[in-house]
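Source: prediction; values computed, not measured. Positions are given from 1, in the same order as the sequence printed here.
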Amino acid sequence: MRAERTFDAFIDGNAYAALPSPFFVRTPPTPLRDPYVVAVSPDAAALLDIDATAFEDPQVVRAFAGSAPLPGASPIAAVYAGHQFGSWVPQLGDGRALLLGDVRNARGERWEVQLKGSGETAFSRMGDGRAVLRSTIREFLCSEAMDALGIPTTRALAIIGSDEPVYRETVETAAVLTRLAPSFVRFGTFEFFFSRGDRDALLTLADWVIDRHFPQIPKNENRYAAFLREVVARTARLMAQWQSVGFQHGVMNTDNMSILGLTLDYGPFGFMEGYDAEWICNHSDHLGRYRFSAQPGIGLWNLNVLAASLDPLIDEAAATAALGSYEPQLRATYLELSKRKLGLDRWPGDDYAILGDLLGLMARARADYTLTFRALCSVSAAANAADASFVTAFGAHENDASAWLNRYRSALREQDTPEAERMTAMRSTNPAYVLRNYLAQAAIERAQRRDFSEVGRLLAALRAPFDERPQFEDYAKPAPDWAQSIEVSCSS
């Protein structure tokens, strides 16, 4: 075991920067004026063998603001392409992010360290390369919340803020987010080189990703097909996990799809409030391409694009077989997660209607997604006091809710798991707290007044989302009426 990492030798090199020059452009960060700490995630810091208190050092703050060199760093902006809302864009890239390099922790894990909002790059496309405090807080909190929910995601180490103005729809203030991932390679990275007919670069990229992240894949002529199958499996599981917790990404462009099956690039995301399968969280998504019900299908659409980009390396039959495994894995994962949410060892009569009927009832009543499943954790196989609180949440549909509850209790009586054990397991599956947009907005508004306490308090709740605690009771409530006016868009 290595002792706690020091900042004198923080970065262990930059493996991605060892690839040929077409993959990136070396770019120094743009210093952030008069930086200060907004928030630090102790759990993300531990991934790098550092302590959150390290950010009490002004020199550390400057380093993670891009205002001072970080020992060992070799900042680069990576190139990629992508389909944005279904339309092909031949060149994108890190327009406001810089990959500093890798950290290998004491457990042998490799984490890439990236600054987001660190200034203009060759891929900024007329932008300033900055991030605003508002969007940075949203990504920081949701990255850490998703990890606590057990959903693969990039991680967020720290937000460094500044009073430096940034011009969006209004004048806002700048911030830099330090985010971590085993890799930031996207579907769009493969698209970029395929679209240019650069088979050598495509091969180099595929070999680099496989050797670094999929070492279990043998080095033979079938390795690229095996790689695609692995990406298909990870993406299918991720889509099922998103649907299971009521999470909507909002911008599932191919350049926002992680080759490792991570939730990547938080912008106009949202967690379901009143259940609506056709919910659109992104105000910019005028046609509803990325609505909640469409996410699994878009995952497959994006995988088809990736498979097409790997065409020079994989024969058509192998690619078709890999893609054909998506829907069975998605369905199996989603049904298994749903079974856990309902506390079932097995589906009653191998019939999934009990789930579909519940979702249909929730849709008619616009019942809160998170709170409905949390309330089920207290329902007994025999009628009890928890029944009333569950049923009344359905308003005018109380009779339908009572009828469904009777069916559910009957199903519970067929299960093998003891009731107390079932309830405990359900409470470790159905969160009490999720990052509702109104909670994020309240934290943002206070932070914009230089009060960062709500960011820290919300982080503390979201890092243990299954544990009800009296001090966070206000987070386990439906959104208030004023929250209906909150809009998130691609500028978020």
Side-chain angles (χ1 to χ4, degrees), residues 4-5 7 10-12 14-16 37-55 60 63-66 70 73 78 94 96-118 131 135-161 175-186 212-213 234 237-238 241-242 245 247 249 256-267 269 271 431 433-435 440 443 455-456 458-465:
E4 186 172 297
R5 181 178 296 271
F7 287 95
F10 183 68
I11 302 290
D12 294 326
N14 190 333
Y16 201 78
V37 176
V38 174
V40 180
S41 167
D43 296 314
L47 296 174
L48 306 182
D49 300 329
I50 60 175
D51 192 275
T53 57
F55 284 84
V60 171
F64 285 92
L70 196 58
D94 290 332
R96 55 175 176 169
L98 291 174
L99 177 61
L100 301 183
D102 311 327
V103 169
R104 188 182 183 95
N105 67 21
R107 295 178 295 283
E109 301 164 337
R110 291 194 188 99
W111 291 93
E112 291 185 349
V113 181
Q114 188 184 76
L115 298 184
K116 184 174 181 180
S118 51
S135 62
T136 304
I137 287 173
R138 285 173 55 81
E139 178 161 0
F140 173 84
L141 289 172
C142 201
S143 299
E144 295 303 280
M146 291 288 271
D147 175 74
L149 290 169
I151 298 175
T153 178
T154 56
R155 299 296 300 275
L157 172 62
I159 303 173
I160 306 300
V176 173
L177 175 70
T178 303
R179 60 182 188 174
L180 316 174
S183 176
F184 288 96
V185 173
R186 304 136 189 277
R212 185 173 170 89
H213 300 291
R234 291 185 182 213
R237 290 195 295 268
L238 181 66
Q241 288 174 298
W242 285 1
V245 297
F247 174 79
H249 185 281
N256 291 337
M257 295 293 290
S258 161
I259 208 70
L260 300 184
L262 309 175
T263 310
L264 174 67
D265 283 348
Y266 294 88
F269 66 81
F271 282 87
Y433 316 114
V434 293
L435 184 58
V455 177
L458 195 47
L459 177 65
L462 295 170
R463 286 302 295 159

Over all atoms of both residues, closest heavy-atom pair of [X] and [Y]:
X	Y	result
A52	V40	CB-CG1, 3.7 Å
S143	T154	CB-O, 3.5 Å
Y266	C142	CE2-SG, 3.6 Å
D102	A15	OD2-N, 2.9 Å
V113	L180	CG2-CD2, 4.0 Å
H213	S183	NE2-CB, 3.2 Å

With side chains defined as the heavy atoms from C-beta onward, is the minimum distance between [X] and [Y] less than 4.5 Å?
X	Y	answer
L141	L459	yes
V455	F140	yes
L262	T153	no
V434	V245	no
L458	L435	yes

>> Test of understanding: with side-chain contact (heavy atoms from CB on, under 4.5 Å), list the residues that count as partners of P465, not counting sequence neighbours.
In response: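 For P465 the side-chain contact (heavy atoms from CB on, under 4.5 Å) partners, ignoring immediate neighbours, are A148, L149, P431.
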Would you find a donor on one side and an acceptor on the other, under 3.5 Å apart, between the side chain of [X] and the backbone of [Y]?
X	Y	answer
R234	L260	yes
D49	N105	no
T263	P152	yes
R138	F269	yes
Q241	G150	yes

Which value, rounded to the nearest 0.5 Å, describes the distance between [X] atom [atom1] and [Y] atom [atom2]?
X	Y	atom1	atom2	value
Y16	E112	OH	CD	8.5 Å
I159	I137	CD1	CD1	5.0 Å
E144	L157	CD	CG	8.5 Å
F184	D265	CZ	CG	8.5 Å

>> Show, in sequence, the C-alpha distance, side-chain angles and deciding distance for R186 and N256, and conclude whether the side chain to side chain contact (heavy atoms under 4.5 Å, CB included) test is met.
In response: CA-CA 7 Å; R186 304 136 189 277; N256 291 337; 4.1 Å; yes
>> I'd like to check the side chain to side chain donor-acceptor pair (under 3.5 Å) partners of R110; sequence neighbours left out, ordered by chain and number.
In response: none
>> As a quick check of understanding, evaluate side chain to side chain contact (heavy atoms under 4.5 Å, CB included) for L100 and L70, giving each step before the final call.
In response: CA-CA 8 Å; L100 301 183; L70 196 58; 3.8 Å; yes
> For L238 and I151, what are the C-alpha separation, side-chain angles and deciding distance, and is it a side chain to side chain contact (heavy atoms under 4.5 Å, CB included)?
Replying inline: CA-CA 7 Å; L238 181 66; I151 298 175; 3.8 Å; yes
>> Which residues pass the ring pair (Phe, Tyr, Trp, His ring centres under 6.0 Å) test with F10, not counting sequence neighbours?
In response: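 Listed in chain order: F7, F64.
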>> With a 4.0 Å cut-off on N to O distance, would you call E109 and R104 a salt bridge?
In response: no
> If you measure from the Lys or Arg side-chain nitrogens to the Asp or Glu carboxylate oxygens, is any gap between R463 and D147 under 4.0 Å?
Replying inline: yes
> What's the verdict on side chain to side chain contact (heavy atoms under 4.5 Å, CB included) for R179 and R155, showing C-alpha distance, side-chain angles and the deciding distance?
Replying inline: CA-CA 5 Å; R179 60 182 188 174; R155 299 296 300 275; over 6 Å; no
